[in-house]
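Numbers restart at 1 for each chain; the letters A, B, ... are given by sequence-line order, proteins then strands.
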Amino acid sequence: MDANRIKQDFQVYEDKTLCYLDSAASSLKPDRVINVLDEYYKKYGVNVHRGVYNLSYIATEKYESSRQTIADFINADFDEVIFTRGASNALNVVALSYGMAHVNEGDEIIVNELEHHSQLLPWQQVAKAKKAKLVYIPLTIEGRITTENFQKVLTNKTKVVAINHTSNVMGYITPLEEIIPLAHEVGAVVSVDAAQGVPHQKIDVKSLDADFLAFSGHKMLGPTGIGVLYGKEALLKEMSPVEYGGDMIDSVEKYESVAKDAPYKFETGTPPIGEAIALGEAVRYIEELGYENIREHEQALKEYTIKEMQKIEGVTIYNPTVETGIIAFNIDGVHPHDAVTYFDGDNICMRAGHHCAQLVTRWLNVVATLRISYYVYNTFEDADQFLTSLKGAVAFFKSVGF
Amino acid sequence: MDANRIKQDFQVYEDKTLCYLDSAASSLKPDRVINVLDEYYKKYGVNVHRGVYNLSYIATEKYESSRQTIADFINADFDEVIFTRGASNALNVVALSYGMAHVNEGDEIIVNELEHHSQLLPWQQVAKAKKAKLVYIPLTIEGRITTENFQKVLTNKTKVVAINHTSNVMGYITPLEEIIPLAHEVGAVVSVDAAQGVPHQKIDVKSLDADFLAFSGHKMLGPTGIGVLYGKEALLKEMSPVEYGGDMIDSVEKYESVAKDAPYKFETGTPPIGEAIALGEAVRYIEELGYENIREHEQALKEYTIKEMQKIEGVTIYNPTVETGIIAFNIDGVHPHDAVTYFDGDNICMRAGHHCAQLVTRWLNVVATLRISYYVYNTFEDADQFLTSLKGAVAFFKSVGF
Amino acid sequence: MNNMENLYRQVIMDHYKNPRHKGLVNDEHYHTSHIKNPTCGDDITIQSRVEDGIVKDIRHEGTGCSICCSSASVMSEVLVGKTVEEAEKILETYLNMLTNKEYDEEVELEDAIAYQGVSKFPARIKCASIAWKAFEDTLKESE
Amino acid sequence: MNNMENLYRQVIMDHYKNPRHKGLVNDEHYHTSHIKNPTCGDDITIQSRVEDGIVKDIRHEGTGCSICCSSASVMSEVLVGKTVEEAEKILETYLNMLTNKEYDEEVELEDAIAYQGVSKFPARIKCASIAWKAFEDTLKESE
Ligand SMILES: Cc1ncc(COP(=O)(O)O)c(C=O)c1O
Ligand SMILES: Cc1ncc(COP(=O)(O)O)c(C=O)c1O
């Protein structure tokens with residue numbers, strides 16, 4: 001994969017010095033995705049479903065064909081793809097609709113300290129509301145979820161397993177192919193947070209056998225304001241809507257109403273139309289690049305970077321065995337917020353903080369971490385720019401007395 | 001106001017024959033709003049709040065300054081403006097957070113048959129869940145809500161009044177300046193659906209004294225995927241979040257967590273960043289046009305059109321006394337879906353259906369209605385194009401035997 | 001200007017004004033399917049009775065635009081008396097015709113050919129197909 | 001290249017390594033304010049004791065970056081002993097300086113002037129102001 005060529009697809013790289021290493025927070029957006037968004041607004045920017053004239057017909061067709069594109073992309077059926085505001089919104093729908101209806105007093109919900117707040121907290125709320133028990137998978141010494149440790153907490157009382165595909169802090173990939181069948185054996189449903197998975201590797205919901213799976217548009221070259229919730233048809237069928245209103249209802253009486261079928265019963269009001277259409281374009285772009293190439297490219301960058309980082313004294317890497325393009329680290333004795341300003345001075349964008357995952361930050365026994373994350377447009381020049389800056393940072397902070 | 005000049009601000013009008021009369025469903029978007037959206041994606045399309053580098057700082061500043069723009073626009077405080085996915089989402093937050101916590105068995109919730117499903121159905125759900133009573137304001141013979149009729153149903157048991165500012169079917173403006181103080185006298189809170197209000201006239205939440213007020217971006221020259229919930233600070237303060245996750249939380253423990261203050265506790269996950277920033281630009285555009293001018297212009301168009309429509313035999317207008325730019329009508333004996341295809345043939349876009357308000361359609365005793373709705377870019381030429389087409393339609397359907 | 005004449009053919013208007021096979025029956029030999037198009041309020045119920053591989057009867061009831069209501073009536077006239085196989089072939093051909101797909105011009109659509117013009121009005125394709133789809137559902141149930 | 005030297009002045013590093021007035025007290029004469037910046041985990045508590053219109057003492061405790069922690073220490077040194085009016089004036093001047101607003105250069109900021117460079121690092125302004133804002137809150141409570 002020629003990342004230098006790919007950079008040309010992104011207007012933000014008109015700034016030649018930009019070294020963007022924060023794709024796990026939000027990816028950059030290629031021009032063709034923005035153009036598709038523009039085209040919606042400039043040529044047929046009207047409402048969907050409700051209109052019976054031509055412009056509205058076009059908008060509806062494009063919106064729904066984007067749903068089909070995404071369904072094909074993850075090997076789901078059309079009716080199993082719900083457009084949401086983002087991954088957080090999607091994960092909340094699972095907890096509020098499925099969780100609140102199916103979890104009862106004494107039931108167990110399996111979570112873990114690696115989860116993003118958007119996956120952890122909705123279930124913390126369900127557990128509280130329903131007097132269910134929140135059970136944590138013990139992490140290994142590396143901070144990983146293993147099948148073995150999962151089995152230690154799986155019981156016949158387990159009703160739900162809320163788990164990430166890829167950790168946004170540690171970058172580890174969860175062994176879901178093993179965990180999901182085990183969970184199904186005890187009759188639990190598995191809700192997968194794939195916000196960090198779908199942008200980087202092929203996910204086939206059917207072969208994975210996930211019950212629910214959520215991801216965001218803005219982390220996979222798409223716009224903000226859009227995400228996806230996949231749910232198995234049979235589960236969606238018997239679930240109640242969370243929000244009620246226009247476009248999700250079949251018939252309305254004064255005191256009763258009947259909702260449409262999925263996915264529409266979960267999509268009340270005017271949906272994020274332009275956003276959904278543009279997300280379809282992002283999917284096409286990813287498919288053209290090819291997941292194999294993406295994975296290989298990110299791996300190579302990651303391996304090179306970690307190898308070089310390990311040569312620098314005064315740097316701690318928290319996930320040296322990581323299998324994705326996410327590297328968590330700190331400069332010893334330097335608060336990440338101080339460090340990140342140094343990198344910013346070199347036009348290198350990276351995250352400092354708890355990355356919406358306070359539990360694992362605490363598990364690491366630090367106040368916060370630095371994180372770089374690679375994506376399709378990152379080059380070895382980016383890696384070198386980062387490594388040079390990292391050396392400079394270590395030296396600088398030492399020199400001023402940290 | 002020179003609507004012919006305004007048309008030039010909208011690229012969609014490169015199609016000179018386009019006669020767009022469906023702004024009540026979704027407005028067209030001016031180029032400058034699209035450009036601001038583009039600028040976000042092309043220049044600083046990164047995440048907010050979490051980043052501590054410069055690009056993210058810019059994104060955060062623009063996102064939050066858009067909140068201030070909108071707060072000033074409706075005379076609210078900064079912390080009282082919550083970004084949502086749209087009006088429907090906003091109205092559901094009120095019902096799910098405020099309603100579910102404060103409405104109890106035997107309490108009364110006042111609604112009416114004019115409400116959009118997105119305002120009616122969330123309260124229908126609250127009423128069911130809480131065994132509260134849904135009470136309907138009787139409509140006048142014109143289909144209006146009056147203070148007098150409101151008083152007939154207001155009691156000491158009234159806990160919530162869910163009401164529209166402007167009806168999306170009939171275009172009537174509700175006498176909220178009278179209704180809100182009466183509701184407050186009995187201690188009820190008033191949740192106002194202003195999706196059809198804010199695009200067309202100045203709304204000052206303080207002088208109106210609304211407790212909650214919701215509207216959508218896409219109906220007021222902004223993008224899809226964004227809306228606003230205004231709530232009084234004191235109410236928001238004691239309300240619980242509906243969705244939990246990243247960005248809305250202060251501190252997270254394994255079994256407990258503490259949410260941030262409003263507005264953030266209601267904005268979990270990556271927000272619709274580009275959309276919020278672009279909505280700020282839409283507000284500036286509206287302010288530059290001036291509400292006085294907008295109202296005057298829409299009034300003139302509406303009056304001219306109704307006067308001319310009344311001269312055409314075989315047309316029934318359902319709201320001849322309307323005070324806004326919304327006209328509901330039918331061609332006698334012709335199903336609206338048939339009619340709308342005729343107009344579409346003349347490149348005139350309008351709605352046919354129940355407009356997400358089945359109760360008022362039933363109240364009118366029709367299966368569906370046609371609706372045209374005027375906005376800033378509509379001209380008298382548009383009105384004439386519509387009137388000519390209407391005459392043609394009446395003649396045509398007669399000729400083929402309707 | 002408008003090319004509405006292509007849509008509102010005489011056959012269509014005739015069936016709209018004077019629907020055949022209208023009204024449902026209460027008979028367990030019939031299979032029933034109910035489809036709605038909430039966009040415009042079309043709401044149609046189709047019943048069919050199949051015996052010995054032959055479509056013996058079709059009934060319909062509902063509200064909707066002229067295209068939707070007439071198509072239920074036309075369909076009933078065209079399909080009653082056909083074998084299930086013939087009916088399925090006509091159904092497939094008809095839906096392909098509506099959606100601008102390739103279709104077998106050899107298949108005799110009879111009066112249903114009047115809906116050829118609908119393909120030029122994409123927003124109305126659903127109106128013309130909803131009754132046929134409901135019929136298709138009743139066939140599936142019969143199997 | 002980087003102009004980090006403008007940010008990490010010696011005074012700042014000194015107060016970061018050797019904070020003065022650190023540690024809270026359990027004394028009802030003190031007013032307390034706690035501010036967090038969840039973005040980066042800054043979390044600071046400020047206490048102040050005002051008597052006869054004079055800032056008698058300031059205490060601080062918390063975690064955060066060097067800018068945040070040091071500024072609490074510097075602030076304590078600068079403001080203790082000042083009248084409330086003087087303290088408010090310094091506070092206003094300091095915040096204006098940080099945010100690139102016009103500010104009265106006549107006002108003596110003492111060591112707090114070391115934070116002048118922060119205005120060039122917009123993403124760090126919050127770090128440098130959070131302790132001062134917390135102090136402002138304690139003053140309001142004293143009124
Ligand atoms: C009166 C009214 N309320 C609420 C809504 C819902 O707005 P949205 O679809 O943007 O959520 C609409 C628009 O359809 C409306 O007209
Ligand atoms: C693992 C993970 N889950 C969920 C989310 C939430 O996604 P969003 O902010 O788009 O709702 C994120 C992104 O921050 C994430 O990294």
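Rounding to the nearest 0.5 Å places OG of C:Ser66 at 9.0 Å from NE2 of B:His335. How far CE of C:Met4 is from OG of B:Ser399: 9.5 Å, rounded to the nearest 0.5 Å.
More than 12 heavy-atom neighbours from other residues, nucleotides or ligands sit within 6.0 angstrom of NE2 on C:His34. Around NZ of C:Lys22, the count of heavy atoms belonging to other residues, nucleotides or ligands within 6.0 Å exceeds 12. Around the NZ atom of C:Lys120, the shell of radius 6.0 Å holds no more than 12 heavy atoms that belong to other residues, nucleotides or ligands. Within a 6.0 Å radius of NZ in C:Lys82, more than 12 heavy atoms belonging to other residues, nucleotides or ligands are found.
Contacts between B:Phe397 and chain C at a heavy-atom distance below 4.5 Å involve the side chain alone, from C-beta outward.
By a heavy-atom distance cut of under 4.5 Å, C:Leu7, C:Tyr8, C:Met13, C:Tyr16, C:Lys17 are the residues of residues 7-20 of chain C near chain B, going up by number.
Between B:Asp338 and C:Arg124 there is a side-chain heavy-atom pair separated by less than 4.5 Å.
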